[in-house]
There are 2 protein chains.
Amino acid sequence: MDQFVSTFTNKIDNKGRVSIPASFRTVLAKDGLEGIYCYPSLDAPALDAGGQRLLNKINTLVEDLAPYSDERDQLATALFGTSEILTIDQDGRTIIPERLREHAGITNQITFVGLGEKFQLWEPKRFEAYQAEARQKVRDLRKLLGAGRRDRGGPEGARE
Amino acid sequence: MDQFVSTFTNKIDNKGRVSIPASFRTVLAKDGLEGIYCYPSLDAPALDAGGQRLLNKINTLVEDLAPYSDERDQLATALFGTSEILTIDQDGRTIIPERLREHAGITNQITFVGLGEKFQLWEPKRFEAYQAEARQKVRDLRKLLGAGRRDRGGPEGARE
DNA sequence: GTTCTTCCCATTGACGCCCATAAAATCCCA
DNA sequence: TGGGATTTTATGGGCGTCAATGGGAAGAAC
């Protein structure tokens, strides 16, 4: 598997360490980055994280904008300026810097959420609320997509 | 055969393991995913499950949205965040995590329902009720459409 | 010296791997 | 075609390995 899937909630110990879920570590290892690329999510009180592939995508995104444009500088600042490369120790744990923890309101537990090509880090309670909201949105979305095609019998990608 | 067909009810043993029906395993094996992609059904107290083909559909759905938009993150959260890649042991059994069992109200038995390209996991009693209801709906529908079309055969498969 | 970080070890519980058994399906052969 | 033999399936249990977590020791920074 080369995608981040599922959610895990792990503890932060009194040294500030937290275990990266084993399956996420596997994906990261294949990805070829010695660590975790991590920055505050733009639209949510959470952290976005991933490996080399995510880093490349961000690069592409920035490079596609006109050089020396305000947009480009702003995007680069927003993404790279706030990013960290988190190291993973030999037991599969990492330490989240205070600045990042603060953005996500993380204190002593972290929920790791797989989003396919990347994953997010959430304060567990906040994530619960966000997930309920997200599920509702997908339900609504599916109704729009699915209206009038139910008779096909084929569940269109989305869930039944 | 490359489709999930028929229904089976198997026991969950005291280690939490349940046998995947052999015919489903065959389909999954051909599909090329080392495990079962599984998530809570959006509209039913059940679990949706499938292999690589199902996973690809979900991927396509997410990738069609603009990168780094909050819509995309929300969709990915609802889809990947609630999913699990269930491993299949060498005896053809798997373990359903508590979070998924809870959504479907599953305790010690599981009904596997083939839906063609995917299948569902139900608590047996709930499935029975759901199936009866679905049949009734089909009967009503047939009346509206006009008698004499029995050839369609009853969609026993529980598609919504 | 103290503080902070990095590395290493211990514990516990969960999970994967192996084997055993019994029931069911399938095959085979007279 | 019928009935026994073989293979597949479903299920139960033992055991070793790995993941998550806590704590300590060695080393670097202040």
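Each chain gets a letter, A, B and so on, in the order the sequences are listed, and its residues count up from 1. Here the structure is a predicted model, which means the values were calculated and not measured.
- For B:D140, the side chain to side chain donor-acceptor pair (under 3.5 Å) test picks out B:Q136, with sequence neighbours left out.
- If you measure from atom CG of A:D89 to atom C1' of D:dA26, you get 16 Å, rounded to the nearest angstrom.
- For B:R93, the side chain to side chain donor-acceptor pair (under 3.5 Å) partners at least two apart in sequence or on another chain are B:D91.
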Exercise for review: Summarise how protein sits on nucleotides 8-14 of chain D as a single string, 5' to 3': B when a protein heavy atom is under 4.0 Å from the base, S for sugar-phosphate-only contact, - for no contact.
Suggested key: -SSBBBB

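- Residue pairs meeting the salt bridge (Lys or Arg N to Asp or Glu O under 4.0 Å) criterion with at least one partner in residues 56-67 of chain A, sequence neighbours excluded, are A:K57-A:E117.
- Mapping heavy-atom proximity under 4.0 Å, the span of DNA chain C touched by chain B runs 5' to 3' from C:dG16 to C:dC19.
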Please list every donor-acceptor pair under 3.5 Å in which a side-chain atom of residues 73-82 of chain A meets a protein atom from a residue at least two apart or in another chain.
unit_1 : atom_1 : unit_2 : atom_2 : d
A:T77  : OG1    : A:D73  : O      : 2.7
A:T82  : OG1    : A:A78  : O      : 2.6
A:T82  : OG1    : A:L79  : O      : 3.3

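- Listed by first then second residue, pairs satisfying salt bridge (Lys or Arg N to Asp or Glu O under 4.0 Å) with a partner in residues 37-50 of chain A read A:D48-A:K118, not counting sequence neighbours.
- Screening residues 35-67 of chain A for ring pair (Phe, Tyr, Trp, His ring centres under 6.0 Å) gives A:Y37-A:Y39 as the qualifying pairs, with residues at least two apart or on separate chains.
- Comparing the start and finish of the helix from C:dG1-D:dC30 to C:dA30-D:dT1, five pairs each, the helix axis swings through 40°, to the nearest 10 degrees.
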Per-pair distances, 0.1 Å, donor-acceptor, side chain in residues 17-28 of chain A, under 3.5 Å, sequence neighbours excluded:
unit_1 : atom_1 : unit_2 : atom_2 : d
A:R17  : NE     : A:D13  : OD2    : 2.7
A:R17  : NH2    : A:D13  : OD2    : 3.0
A:R25  : NH1    : A:I20  : O      : 2.6
A:T26  : OG1    : A:A22  : O      : 2.9

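- Residue pairs satisfying the ring pair (Phe, Tyr, Trp, His ring centres under 6.0 Å) criterion with at least one member in residues 47-66 of chain A, sequence neighbours excluded, are absent.
- Annotation for A:Q109: atom CD counts as buried by contact number, over 12 foreign heavy atoms lying within 6.0 Å.
- With sequence neighbours left out, B:E98 forms a side chain to side chain donor-acceptor pair (under 3.5 Å) with B:R101.
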